Amino acid sequence: MNDFTQQVFAFVYQVPVGKVATYGDIAKLAGMPSHARQVGKILSNLPADTKLPWYRIVNSQGKISLQGERGDYQRQQLAAEGILLSAHGSISLRTYRIVTS
DNA sequence: AGCCTGACTCCTA
DNA sequence: CTAGGAGCCAGGC
């Protein structure tokens, strides 16, 4: 367990209901702008019963990176929080992203 | 060390 | 908006 991992957990936990963040956002907030991929790796190691809202993290295109069952579950959770998908099946970052660049 | 693999991103066309 | 290519970095072999 290193500091970066701790930071990632902390920031992901802070994403409010109905909002999303990108892997890059979390990495940047954690002080490692080039570690977006690591964020994904860390989330992939989370236990199934984690309290962390990992499903609020999507890629920079506002799309779900996960495939198969996991991806369906993530979409389901987001929909349950009122996050609607655009016509092309992607999330409007302009509307839901917590970080405004 | 080298090579491959990802829940990634940016730049360019 | 999409597609391709390059950069990125930790891990496993």
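These numbers come from a predicted model, not from an experiment. Just so we're on the same page: letters track the sequence lines, and every chain starts at 1. Side chains included, hydrogens not; waters and symmetry mates left out as well; all remaining heavy atoms used.
- Across the protein-nucleic acid pair, A:Gln61 atom CD and B:dA7 atom P stand 15 Å apart, rounded to whole Å.
- Look at OH on A:Tyr23: it is 16 Å from C1' on C:dC9, rounded to the nearest Å.
- In this structure, A:Thr22 and A:Asn59 have side chains that are not in contact, with every pair of non-hydrogen atoms separated by 4.5 Å or more.
- Test A:Glu81, A:Gln74, A:Arg75 against A:Tyr55 for side chain to side chain donor-acceptor pair (under 3.5 Å) and you get one pass: A:Glu81.
- Ring centroid separation for the pair A:Tyr73 and A:Trp54 comes in under the 6.0 Å cut-off.
- Look at CG on A:Asp3: it is 14 Å from P on C:dA10, rounded to the nearest Å.
- As a whole-Å value, the separation of A:Ile64 CD1 from B:dG6 C1' is 17 Å.
- Looking at heavy atoms from C-beta onward, A:Val20 lies out of side-chain contact with A:Ile57 at the 4.5 angstrom threshold.
- Put simply, CG on A:Leu93 and NZ on A:Lys19 are 11.0 Å apart, with the number rounded to the nearest 0.5 Å.
- Looking at A:Leu78 and A:Tyr96, their side chains never come closer than 4.5 Å, going by heavy atoms from C-beta outward.
- Neither side chain, A:Tyr23 nor A:Gln38, offers a donor N or O lying under 3.5 Å from an acceptor on the other.
- The stretch residues 68-92 of chain A has no heavy atom under 4.0 Å from DNA chain C, so no residue of it qualifies as close.
- No side-chain heavy atom of A:Gln77 sits under 4.5 Å from any side-chain heavy atom of A:Ile83.
- With C1' as the reference atom, C:dC13 and B:dA7 are 23 Å apart, rounded to whole Å.
- Residues from residues 25-55 of chain A placing a heavy atom under 4.0 Å of any atom in DNA chain C, listed by number, are A:Ser34, A:His35, A:Arg37, A:Gln38, A:Lys41.
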